[in-house]
Amino acid sequence: MLDATTRSGGTATAPPQAAATELTVPAPLPAPVPAGFAARCSRGLLSPWSRLSLLVVLLAAAASSVLLFEPQRLLANGWPPHIEGGAAVVLFAVAYGLITVAFVPRPLLNLAAGALFGSEWGIGASLAGTVLGAGVAFALGRLLGQDALRPLLRGRWLKAADGQFSRHGFRSMLAVRLFPGVPFWAANYAAAVSRMGYLPFLLATALGSIPNTAAYVVAGARASAPTSPAFLIALACIALPALAGVVVAWRKRHHLRGR
């Protein structure tokens, strides 16, 4: 039955109850988008402990390669033999830097540099390799290990070392490089875990490594004349800083224990 409005030719309207029913019907919600497998894998791979695990794997693989192939012997014998002059110096410096990341002792490489290239070129190649190796190790430690290892710095000695590197980065690293005793790789990764800046680390490494590196290179260059003044002076420059480092460590032992 039509109402009066319809009969008179007006516009028909819906009953109030029907209009209310139409207004209260909720719109369909979008289906939740599940987190993708790639996103979960990305978060897992970028976590601090995953990155630290990657660093450990890389260092273990590098150390295993050094033990297997012994590249330090190849460098000491002048590998590769068909390259000479400046190219050989550059190649030696690059190889020097890469294998020091894999824990090859620097004194052995410095002696080889002196025997292969003489004092001047040997010092240049060794210092370039030293800075390169330190920079690579610092970058790896900072990128892959810092976030996971910093929360673990709870021991007294660890906190003391971290505080020195973080607050007095340049002079602390300079002292470490000048006075032997701390392994090269250990200083690199300790500095990387601290809040030391990249540029102060490299500058301190370059300057602090000059005396010890030069002494070993000169000793390698003059090894054929062990009674020459240059060889004896080089030996003295190797022994005196080592003795000074022992004395300083002995005098500072009570200060470190008190922290």
Side-chain angles (χ1 to χ4, degrees), residues 66 70-81 83-135 137 170-188 191 201-253:
V66 167
E70 297 183 340
Q72 66 275 17
R73 289 192 177 184
L74 297 176
L75 293 178
N77 294 330
W79 176 86
I83 297 179
E84 299 178 354
V89 174
V90 172
L91 180 62
F92 182 93
V94 173
Y96 182 116
L98 293 179
I99 64 177
T100 53
V101 178
F103 316 117
V104 174
R106 288 179 57 249
L108 176 63
L109 300 176
N110 294 334
L111 292 171
L116 291 174
F117 306 114
S119 299
E120 293 80 7
W121 286 103
I123 291 173
S126 296
L127 286 177
T130 296
V131 176
L132 175 62
F170 178 80
R171 72 184 190 188
S172 298
M173 183 52 59
L174 185 65
V176 168
R177 300 305 191 195
L178 285 173
F179 297 105
V182 179
F184 182 71
W185 60 268
N188 294 337
F201 170 79
L202 290 180
L203 289 176
T205 297
L207 295 176
S209 301
I210 292 175
N212 188 262
T213 301
Y216 275 99
V217 171
V218 172
R222 302 301 178 91
S224 58
T227 58
S228 63
F231 183 82
L232 296 176
I233 292 173
L235 287 184
C237 291
I238 293 171
L240 290 178
L243 180 60
V246 172
V247 172
V248 170
W250 178 261
R251 295 184 61 182
K252 293 291 184 180
R253 71 190 190 282

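Numbering starts at 1 and runs along the sequence shown.
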Using 0.5 Å steps for rounding, measure from the [atom1] atom of [X] to the [atom2] atom of [Y].
X	Y	atom1	atom2	answer
I238	N212	CD1	CG	7.0 Å
I233	R222	CD1	CZ	9.5 Å
T205	L127	OG1	CG	11.0 Å
F179	L174	CZ	CG	9.0 Å

Practice task
Evaluate the criterion side-chain contact (heavy atoms from CB on, under 4.5 Å) for residue pair F92 and L116; output intermediate values, then yes/no.
Solution key: CA-CA 10 Å; F92 182 93; L116 291 174; 3.9 Å; yes

On a heavy-atom basis, which atom in [X] and which in [Y] lie closest, and how many Å separate them?
X	Y	answer
G133	V101	O-CG2, 3.6 Å
V176	A187	CG1-CB, 3.8 Å
A204	R177	O-CG, 3.9 Å
A88	I83	N-CG2, 3.5 Å
V217	S126	CG2-OG, 3.6 Å
L132	A93	CD2-O, 4.1 Å

Measure the shortest side-chain to side-chain distance between [X] and [Y] over non-hydrogen atoms and say whether it is less than 4.5 angstrom.
X	Y	answer
R106	T213	yes
F170	L203	yes
F231	V218	no
T100	F184	yes
F201	N188	yes
L232	T227	no

Exercise for the section: Can you spot which of N110, L178, V131, T130 makes a side chain to side chain contact (heavy atoms under 4.5 Å, CB included) with S209? Expected result: T130

Exercise for the section: For the pair S228 (side chain) and A225 (backbone), establish whether a donor and an acceptor sit closer than 3.5 Å, ignoring hydrogens and angles. Expected result: yes

